[in-house]
Amino acid sequence: MAHLRVAVVGAGIAGLVFAAALRRTGIQCQIFEQAPRLTEVGAGVQVAPNATRLLHRMGLRDRLSEVAVAPESIEMRRWDDGALLQRTPLGDLCLRRFGAPYYTVHRADLQASLLSLVPPDHVHLGVRLAAVTQDANEARLHLADGTTVAADLVVGADGIHSVVREQIVTDTPRYSGQTIYRGLVPAWRVPFLVAEPRVRLWFGPGKHVVSYPVSAGRQVSFGATVAVSDWSEESWTANGDAADLAAAYAGWHTDVTRLIDAADRVSRWALHDRDSIDRLGAGRVVVIGDAAHPMLPFQAQGANQAIEDAVVLARCLAAAGPARWGAAVRRYAEVRLPRVVDIQRRSRANARTFHLGDGDGQRLRDTAAQVTSGLDQHEWLFAYDAEHVTTTSGSI
Ligand SMILES: Cc1cc2nc3c(=O)[nH]c(=O)nc-3n(C[C@H](O)[C@H](O)[C@H](O)COP(=O)(O)OP(=O)(O)OC[C@H]3O[C@@H](n4cnc5c(N)ncnc54)[C@H](O)[C@@H]3O)c2cc1C
């Protein structure tokens, strides 16, 4: 096999990073994306050192430093009086310790940065995958327009509602009981939140809010959860009603209510999860990112893990050579599964601890938060170098 024909489904963070990382190794791929245009939700994303170090190596150091914000700290506070529960220093301390920054970035800025690394003629827009089939010789993408694309390897980067994942497991996304409102506010409207750039979280009974600056500090992105037992909307995302959001957070600390009041528009998302799986490939199909391991956003690691996946899979394919793609997929799963399953589990656990009602459990959580404050608790997560682990902890 002279060339490996790699077809990627989905041009989200996972698909774009994979295409860029693969290109660095000299292997080309084609991306098939259902959206007619590549746009991103008006929201931010936190990108931690475990992923920024990989993006820097791909050539995005300067570009990201121009559009992202490097917060000085992560602060956790109480919902009513705003009392500080924990402060984790970031900024220069994080950079020195982990050799890479912690960034908060507008999703559109991250997407534009990633797109700059992928040749435009490798991204096919408005192309929806309907099904995948495969045999010993090749895999085939059956597209919604009736055409078929043949490939040696199909990489499913098609998100939580993945079609490609059906080749590996028959499951469906499970509604978590939580919705999240997301909004962006011009920084000048919330001066009390921008004097020092921080990731701010407020925890309260059944709810929490997270906010941080993006767009080089010009905007503040926030997410605010609201539990709803049934999600009856047909879609998993909808326009949110800012008045409903304000009502849900009535009585919270004024930093929260003033932030919510400053938003002209909010979107609303139903948070879904899936059980962890014990393999990431089947025959000529492999999954990365949310298609492989959707995560509740309470560890802020879904995109970070998608970036790690993409870089590791590209590395494995390059190291194995075109004829040994099967060995590459096995090695990818061996490296990735323990880590992503652990982070999925921690994300679910945070859904419970963030939302504890006031009482014994909450007091225990808050005492523990003060004890564990500091960067040490993030060592396992931020110091992890996915490329280094791939090349040193085993062979293909
Ligand atoms: C509220 C919220 C906050 C979050 N905050 C953070 C954070 O701070 N840090 C972090 O690391 N993570 C965060 N995450 C998680 C992160 O957003 C996701 O893990 C990440 O975007 C997943 O990227 P992906 O490329 O795997 O999937 P997606 O972004 O879902 O991309 C999948 C792509 O595939 C395309 N596609 C789907 N089906 C098909 C098909 N049949 N044919 C063709 N194309 C298809 C889609 O159109 C899409 O472009 C958050 C998530 C939420 C909901």
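Please read all numbers here as calculations on a predicted model, not as lab measurements.
In this structure, a donor-acceptor pair under 3.5 Å is absent between the side chains of E308 and N304. Looking at Q46 and Y102, their side chains do bring a donor and an acceptor atom within 3.5 Å of each other. A donor-acceptor pair shorter than 3.5 Å cannot be found between the side chains of W380 and D342. A donor-acceptor contact closer than 3.5 angstrom links the side chains of D309 and H293.
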With side chain to side chain contact (heavy atoms under 4.5 Å, CB included) as the criterion, how do V312 and R315 come out once you've worked through the C-alpha distance, each side chain's angles and the decisive distance to 0.1 Å?
CA-CA 5 Å; V312 170; R315 270 253 162 187; 5.5 Å; no
Worked check of side chain to side chain contact (heavy atoms under 4.5 Å, CB included) between Y384 and V389:
CA-CA 8 Å; Y384 186 91; V389 169; 3.7 Å; yes
Evaluate N50 against D385 for side chain to side chain contact (heavy atoms under 4.5 Å, CB included), listing each step before the verdict.
CA-CA 6 Å; N50 51 304; D385 184 332; over 6 Å; no
Check against ring pair (Phe, Tyr, Trp, His ring centres under 6.0 Å), F32 and H122:
CA-CA 9 Å; F32 301 91; H122 290 193; over 10 Å; no
Take Q301 and L381 through the test side chain to side chain contact (heavy atoms under 4.5 Å, CB included) and record every step on the way to the result.
CA-CA 9 Å; Q301 274 288 321; L381 184 56; 3.7 Å; yes
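A 6.0 Å sphere centred on CZ of R348 holds more than 12 heavy atoms belonging to other residues, nucleotides or ligands. Annotation: D121, atom CG; neighbour count of heavy atoms from other residues, nucleotides and ligands within 6.0 Å is above 12.
With respect to the salt-bridge test (charged N to carboxylate O, under 4.0 angstrom), the residues R363 and D366 do not qualify. No salt bridge links E33 with R128; every basic N to acidic carboxylate O contact stays at or beyond 4.0 Å. The pair E72-R198 fails the salt-bridge criterion, with no side-chain N (NZ, NE, NH1 or NH2) lying under 4.0 Å from an Asp/Glu carboxylate O. With respect to R165 and D171, a salt bridge is recorded, a charged nitrogen being found less than 4.0 Å from a carboxylate O. Ion pairing between a basic and an acidic side chain is recognised when a charged N comes within 4.0 Å of a carboxylate O; R268 and D244 show no such pairing. We find that E196 and R87 are joined by a salt bridge, their nearest charged nitrogen and carboxylate oxygen being less than 4.0 Å apart. Salt-bridge check for R53 with E387: failed, with every basic side-chain N at 4.0 Å or more from each acidic carboxylate O.
Geometric assessment of R78 against the ring of W202 yields a negative cation-pi assignment under the 6.0 Å and 45° thresholds. Because its NZ or CZ atom is both nearer than 6.0 Å to the ring centre of F192 and within 45° of the ring axis, R258 counts as a cation-pi partner of that residue.
Listed for the R331 side chain is a donor-acceptor partner under 3.5 Å among the backbone atoms of T390. In this structure, the side chain of S162 engages the main chain of V164 through a donor-acceptor pair within 3.5 Å. The backbone N or O of H208 sits less than 3.5 Å from a side-chain atom of T225, completing a donor-acceptor pair. The backbone N or O of R174 lies less than 3.5 Å from no partner atom in the side chain of R274, so there is not a single donor-acceptor pair. When atom types are taken as modelled, the side chain of S347 and the backbone of I343 share a donor-acceptor pair closer than 3.5 angstrom.
By the 30° and 60° cut-offs, the orientation of the rings of H378 relative to F382 is parallel.
Between V214 and S221, the closest heavy-atom pair is CG1-CB, 4.1 Å.
Rounding to the nearest 0.5 Å places CG of L117 at 8.0 Å from CZ of R23. Expressed to the nearest 0.5 Å, how far CG of L317 lies from CG of D152 amounts to 11.0 Å.
Considering R284, Q167, H142, E138 as possible partners of T133, the one that fulfils the side chain to side chain donor-acceptor pair (under 3.5 Å) test is H142.
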